[in-house]
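In what follows, a structure is listed as structure tokens, so that the remarks can point back to it.
Side-chain atoms are counted along with the backbone in the values below, which use heavy atoms only and exclude waters and symmetry mates. For the single chain, residues carry numbers from 1 onward in sequence order. In each ligand, atom 1 is the first atom listed, and ligand 1 is the first ligand listed.
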Amino acid sequence: MRDLVAPKYPLEPDAEEMRRLVDEAARRIIEHIASLPSQPAANVDDATEFARTLIEPLPKSGEPFDKLLDFLFQEAIPRSFNTPGPGYLAYIPGGGIFHAAVADFIATAVNRYVGVFAAAPALAQLEANVVRWFCEIVGYGKGSGGLLTPGGSVSNLIALITARKTQLGDDFSRGTMYASNQVHHSFQKAASLAGFPLSNVREIDCDSAFRVDVGAMEEAIAADRAEGFKPFLIAGSAGTVGTGAVDDLTALADLAARENLWFHVDGAYGAFFVLTERGRNAMRGIHRADSVVLDPHKTLFHPYGTGALVVKRAADLRETHSMHASYLPQFQQEEELIDFAEISPELSRDFRGLRVWLPLKMFGIEPFRQLLDEKLDLTHWATEELRKIKGIEIVAEPQLSIVAFRHVNRNNRELLERINRRKRVMLTGTTLGTEFVIRICVVSHRTHMERMQMAIEDIKAALGSGL
Ligand SMILES: Cc1ncc(COP(=O)(O)O)c(C=O)c1O
């Protein structure tokens, strides 16, 4: 009956209609999440053709909610990589804890404004607390600060611009920066977007464990100074995307101190592993960095769109970004009270803090730490199983939760394709030097031992079927 009488203000549903919308969506979401383990690890065979059929002009009139939900849950969503599923061992998996989705629903439904403190002081403070907890995780003390971002790439960009402004001022064209040749490409992209010629990014060779050669970095800095360049930043990786390698952060911190350079750490994938004992040992010295990128949407199992940047001196972020206008409310003068607009490129934005705050308050940090430990164990287990397979070479021993391997006599691209064909797991590869290698990256909170066993079974089956 309701549908027969068009409401006067359709964009303002009444209580009954709101309940219907939420219930209908929730029913399908819950069914979808419950079936994640039995969904294929990837299902994109006809997805591009299907996507083409969806191109359409601006809708003039509406369609029923149920029909649109059917389209989403039956047609569009299934034709994807199953990124939140347990078999997604590709790239750097996300996960997406359900509690964060509920928090997002609350945040977008109440739609408060956290860009400036005055508009929602308590909510801005909850987000500031999340940032403070991340500072604590990294080992930062008083005076540190940071912000939540849409992801690691944006965090790297904000860090690089902050370092540029702090170290070089406005005359930066001769500024050079240093990172390993395994650094995530968002670092080079950030340099380019920050106004540097790409040739000012020095990619330094690595040792056999894919950790940057700190001696070679020091030599490159000296050579550049002799040429009249202005070295201003060195970057360490706390978990490279290729193999999960962790640079010697203590040695890099020492080098940065000797040379008076900004020390940046890209821990988008790896930094949350400092919550574990093994991760802490691998990342000694991380607290000495001037800036650290961490991605909750990777190793804190959060939905995509949740990144973070923390800096040792919050004042650097503020001095880099602060800009006021007469139409804005007063910014806070107390150091403790944060106007996010004053320390970031964004003004209006989503209340992304709630999706981290709610699960951390509901559970505390312990379940997160345990899951990260589990991922380290699973990767170690998989590595030992791979080692037992004739012809498999471990190209990169796991330092965190990535192992890279190859078969010495097979075409590894074809092997990868065969492993993935069963659709119980999805792996991806990368090139190390001239060698194509296959990676297993264990990050999702939904990946447990039974899925790792499937991964090993599928690798064996792919090898057994002959190439
Ligand atoms: C080490 C590292 N840094 C940065 C990024 C970029 O992060 P995002 O995809 O969130 O922009 C990634 C992504 O995988 C990464 O692994």
Side-chain angles (χ1 to χ4, degrees), residues 81 83-84 88-96 100 134 138 146-161 163 177 179-194 201 203 206 210-212 233-247 249 252 264-274 279 282-283 286 289 291-310 344-346 349-350 352 355-356 372 375 379 396 398-404 426-432 439-444:
F81 298 167
T83 43
Y88 191 70
L89 307 171
Y91 305 105
I92 309 280
F134 289 173
V138 162
L147 69 159
L148 299 185
T149 70
S153 302
V154 175
S155 302
N156 272 325
L157 176 61
I158 296 174
L160 215 133
I161 290 176
M177 64 220 89
S180 90
N181 59 17
Q182 295 296 308
V183 76
H184 191 267
H185 77 281
S186 59
F187 180 72
Q188 285 92 337
K189 186 170 173 179
S192 170
L193 293 175
V201 182
E203 291 177 24
C206 288
F210 304 99
R211 285 189 267 236
V212 71
L233 175 144
I234 62 176
S237 295
T240 59
V241 61
T243 67
V246 182
D247 289 333
L249 302 182
L252 288 176
H264 174 64
V265 170
D266 181 353
Y269 153 64
F272 281 114
F273 281 104
V274 292
M283 284 178 242
I286 193 169
S291 48
V292 180
V293 171
L294 321 92
D295 263 355
H297 67 197
K298 297 186 174 71
T299 30
L300 217 53
F301 321 117
H302 268 66
Y304 294 119
T306 324
L309 171 70
V310 292
S344 89
E346 293 174 284
R349 64 167 174 85
D350 58 323
R352 55 185 76 114
R355 79 176 76 119
V356 187
L372 289 170
K375 306 310 148 202
T379 314
Q399 296 173 40
L400 296 172
S401 69
I402 299 175
V403 55
M426 178 177 167
L427 313 186
T428 47
T430 189
T431 303
L432 296 173
R439 300 156 70 256
I440 298 180
C441 178
V442 194
V443 168
S444 170

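Other residues, nucleotides and ligands place no more than 12 heavy atoms under 6.0 Å from the OH atom of Y91.
Between S186 and ligand 1 there is a heavy-atom distance shorter than 4.0 Å.
Looking at K189, H297, H185, H184, it is H184 that brings a heavy atom closest to atom 6 (C) of ligand 1.
When side chains are defined from C-beta on, T306 does not count as touching F301, because their heavy atoms never get closer than 4.5 Å. No side-chain heavy atom of I440 sits less than 4.5 Å from a side-chain heavy atom of T379. Residues D350 and R355 are in side-chain contact: their nearest non-hydrogen atoms beyond the backbone lie under 4.5 Å apart. In this structure, the side chains of T430 and V241 stay at 4.5 Å or more apart for every pair of heavy atoms.
Interface atoms of ligand 1 facing G239, defined by a heavy-atom separation under 4.0 Å, are 1 (C). Near V241, meaning under 4.0 Å from any of its heavy atoms, are these atoms of ligand 1: 16 (O).
Taking the six-membered ring for Trp and thresholds of 30 and 60 degrees, H297 and Y304 have ring planes more than 60 degrees apart, a perpendicular arrangement.
Close N/O approach between N156 and ligand 1 is not found [any backbone or side-chain N/O within under 3.5 Å]. Residue I92 places no N or O, backbone or side chain, under 3.5 Å from any N or O of ligand 1. At a 3.5 angstrom cut-off on N or O pairs, T240 does not count as close to ligand 1. In terms of N/O distances under 3.5 Å, ligand 1 is approached by D266.
Between atom CZ of residue R439 and atom OG1 of residue T428 there is a gap of 4.5 Å, rounded to the nearest 0.5 Å. For the atom pair CE (M283) and OG (S237), the distance works out to 11.0 Å, reported to the nearest 0.5 Å.
Scanning the protein for heavy atoms near atom 7 (O) of ligand 1, the closest one is K298 NZ, 3.0 Å. At the shortest separation from atom 11 (O) of ligand 1 among protein heavy atoms lies S153 OG, 2.6 Å.
With a 4.0 Å heavy-atom cut-off, ligand 1 is reached by the side chain of D295 but not by its N, CA, C or O.
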